[in-house]
Amino acid sequence: MANKPSIPKGTRDFSPTEMLRRQYIFDTIRGVFQKYGFLPIETPAMENLDTLTGKYGEEGDRLIFKILNSGDAWSGVGEEGKKRLANGEVVHPGRFATEVSEKALRYDLTVPFARYVVQHQNEISFPFKRYQIQPVWRADRPQKGRYREFYQCDADVIGSTSLLNEVELVQLFDDVFTVLGLQVVIKINDRKVLSGIAEVSGQPEKVVDIVTALDKLDKIGREKVEEEMRTKGVSEEAIIGIAPLFELKGSWKEQQPILEKWLASSATAKQGLKDLSFTFEAAGTLKSAVLEFDPTLARGLDYYTGAIFEVKAAEGTMPGSICGGGRYDDLTGIFGLKNMSGVGISFGADRIYDVLLETNKFPEQLGSSTKLLFANFGEQEAMHCLKLLRTVREAGIAAELYPDAVKMAKQFKYADDKGIPFVAIIGEQEMKQGIVTVKDMKSGEQKAVKGEELVGLVG
RNA sequence: GUGGUUGUAGCUCAGUUGGUUAGAGCGCCGGAUUGUGAUUCCGGAGGUCGCCGGUUCAACCCCGGUCAUCCACCCCA
């Protein structure tokens, strides 16, 4: 036997049932995006490598899929590298990554979007609201809820610093998950508050270390978080300074005054708290989602400067977040366009799929698109069906004719497997009498109707 | 990059202290029913036991290696 074919680790095939469900998610998100005034764009699967590197932090750079240059890729390697290879030295291929590769698969949709904005700035009228639903690739080790190829559904507003955008995005999250019927918690924080915490603890330069440690709080607990901060060189005084954070409880209304008092000496934190208050207040009462301040929410992406969002499913066992997002004040700056603040969110369609499947939230009728199957009795009957098929389709009903005149059992099984609710049977007798025998596959009942009644019966 | 798990039919998995011919369920194909699926009954096809090597009279089983897989860490949607 030949070797079984397979697909790369962390990638998946999607069969019809899965695709119908995936499209249901995409359609729902797309519909809400458009309702909020976002317009679609697409960018290429691959970007120039230097567009992507340095935007996602150290860890992120390692996870970018690089594409080997065509032709003589070795030609890009410098003299020193060539010498080392010629000497038979063991050199990790990763060392040559930037020399043998100048293209890479996109890692997310935000950075390509920033690139797009800079490149098309003269055609765009700002504030620019775009959405983008495309796959991204990460060279991570796959595990539960983590894939190497997955879809993101992004909506970003760029060219506006108004907090109304944050508010709208919160409401957008709420709308999408209300339609999908999934209970979620929207967690929100602000990078400015995190900076403020580092400030009042006396080690503002350690924000990143403090923040990434805090991010793990609900996973590893307070003690381990403090331990990690110590190993990262955060001082004892600073750790004590951060302590009030662990005591925070309750709703935003209860947390707010405590935070104001604690962080009073930091102007940055003050601004962050003010912004959060506005967002909480303006978002108002949500339809089904819960909006929650989470001071430990940090998010790894380097470019966030203001609000940070994360959505977690309140049902099912998905451990990670299903959406993320935040405000970035200067993402386009790296590409040469200053003073262009943006804020955006991203839906992780694949994780949402996993949660909806686990919690049984997909609508039943996603099963099939075909409503009516014409059984095939032979050449003459098939030609007759072809005409009826045309009128049924004209009436907007998805229908098909079984292409081969095989035995009935096989044709009915086909309808059953495909979830087609009605089968039209037109054999010699029916043709003679000018009727159609229609079988309801669910009840098993059969009815003889005239051809023109077919549309009414099935639709 | 680190640690662990599991690789047996298309799929999900049994397989005893190492013993002759490796099983089940589901699916698939055929028949009972020459115009009726899902249900019922009968029959059939389908396996280099991940791969390579070692121990043994004998290996799906033990040992070593290798590849793949899933899970966890890191990080993330």
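None of the values given here were measured: they were computed from a predicted structure.
A salt bridge is absent between A:Glu47 and A:Lys55; no separation between the charged side-chain nitrogens and carboxylate oxygens falls under 4.0 Å. A salt bridge links A:Asp27 and A:Arg30; the closest N-O separation between the charged side-chain nitrogens and carboxylate oxygens is under 4.0 Å. Between A:Glu18 and A:Arg12 there is no salt bridge, since none of the side-chain N atoms of the basic residue sits less than 4.0 Å from a carboxylate O of the acidic one. Using a 4.0 Å cut-off between charged side-chain N and carboxylate O, A:Glu453 and A:Lys447 make no salt bridge. Checked for salt-bridge contact, A:Arg138 and A:Asp108 miss the test: no charged N lies under 4.0 Å from a carboxylate O.
Residue A:Met46 places its CE atom among 12 or fewer non-hydrogen atoms of other residues, nucleotides or ligands, all under 6.0 Å distant. Heavy-atom neighbours of A:Glu205 CD from other residues, nucleotides or ligands within 6.0 Å: above the threshold of 12. More than 12 heavy atoms of other shown residues, nucleotides or ligands fall within 6.0 angstrom of atom CZ in A:Arg230.
Straight-line distance from the CG atom of A:Asp416 to the C1' atom of B:G37: 5 Å, rounded to whole Å. Between the NZ atom of A:Lys413 and the C1' atom of B:C29 there is a distance of 11 Å, rounded to whole Å. At whole-Å resolution of the value, CD1 in A:Ile425 and P in B:G35 are 12 Å apart. Atoms CD (A:Glu310) and P (B:C76) sit 9 Å apart, rounded to a whole Å. If you take CD1 of A:Ile420 and P of B:A38, they are 15 Å apart, rounded to a whole angstrom. Between A:Arg62 atom CZ and B:C74 atom P the separation is 13 Å, expressed in whole Å. Between A:Ile64 atom CD1 and B:C76 atom C1' there is a gap of 14 Å when expressed in whole angstrom units. Distance CG (A:Asp61) to P (B:C75): 16 Å, rounded to an integer number of Å.
When the nucleotides B:A77, B:U69, B:C29 are ranked by their closest atom to the side chain of A:Arg146, B:A77 comes out on top. Side-chain proximity of A:Asp417 to the nucleotides B:U36, B:C28, B:C71 is greatest for B:C28. Distance from the side chain of A:Arg141 is smallest to B:G3 among B:U36, B:C75, B:G3. With distances taken from any side-chain atom of A:Gln143 to the nucleotides B:C76, B:G31, B:C71, the minimum falls on B:C71. Closest to the side chain of A:Asp140, out of B:C29, B:U69, B:C75, is B:C75. When distances are taken from the side chain of A:Ser321 to each of B:A77, B:U36, B:G1, the shortest belongs to B:A77. Distances from the side chain of A:Lys144 to the nucleotides B:C71, B:G35, B:A77 place B:C71 closest. Listed nucleotides: B:G37, B:A77, B:C75. Nearest to the side chain of A:Phe150: B:A77.
Under 3.5 Å, the side chain of A:Gln411 and the base of B:U36 form no donor-acceptor pair of N or O atoms. Counting atom types as modelled, A:Glu428 pairs no side-chain N or O with a base atom of B:G35 as donor and acceptor under 3.5 Å. Not a single donor-acceptor contact under 3.5 angstrom links the side-chain atoms of A:Lys407 to the base of B:G35. No hydrogens or angles were tested; on distance alone, nothing pairs the side chain of A:Glu381 with the base of B:G35 as donor and acceptor under 3.5 Å.
Judged by Watson-Crick or G-U wobble contacts below 3.5 Å, the nucleotide B:G44 has B:C28 as its partner. The pairing partner recorded for B:A72 is B:U2, the criterion being a Watson-Crick or G-U wobble arrangement whose two distances lie under 3.5 angstrom. Using N1 to N3 plus N6-O4 or O6-N4 for Watson-Crick, or N1-O2 and O6-N3 for G-U wobble, each under 3.5 Å, B:G53 pairs with B:C63. Searching all strands for a Watson-Crick or G-U wobble partner of B:U17 with both distances below 3.5 Å returns nothing.
A gap of 10 Å separates the C1' atoms of B:A24 and B:G15, to the nearest Å. As rounded to the nearest Å, B:G23 and B:G46 have P atoms that lie 14 Å from one another. Comparing B:G37 with B:U48, their C1' atoms are spaced 39 Å from each other, to the whole Å. When the C1' atom is compared between B:C61 and B:G19, the two are found 11 Å apart, to the nearest whole Å. Here the separation of B:C60 from B:C49, taken at their P atoms, is 7 Å to the nearest Å. Going from the C1' atom of B:G54 to that of B:A14 covers 28 Å, rounded to whole Å. Comparing the C1' positions of B:A59 and B:U20 gives an interatomic distance of 13 Å, to the nearest angstrom. Nucleotides B:A22 and B:G50, compared at atom P, are 15 Å apart to the nearest Å.
Along RNA chain B, the nucleotide nearest to A:Lys9 and the one nearest to A:Met408 differ in position, and the one closer to the 5' end is contacted by A:Met408. Of the two residues contacting RNA chain B, namely A:Gly10 and A:Ile426, the nearest-nucleotide position lying further toward the 5' end is that of A:Ile426.
Contacts of A:Ala415 with the nucleic acid, taken as non-hydrogen atoms under 4.0 Å apart, are absent. Contacts of A:Phe347 with the nucleic acid, taken as non-hydrogen atoms under 4.0 Å apart, are absent. Residue A:Lys216 is in sugar-phosphate contact alone, with no base atom involved, counting any heavy-atom pair closer than 4.0 Å across all strands shown. A:Glu149 comes within 4.0 angstrom of no nucleic acid atom, judged by non-hydrogen atoms across all strands. Base engagement by A:Gly444 is indicated by at least one non-hydrogen atom pair under 4.0 Å involving a base atom.
Applying the 5.5 angstrom centroid cut-off and the 30 degree plane-angle cut-off, the aromatic ring of A:Tyr414 is not stacked upon the base of B:G37.
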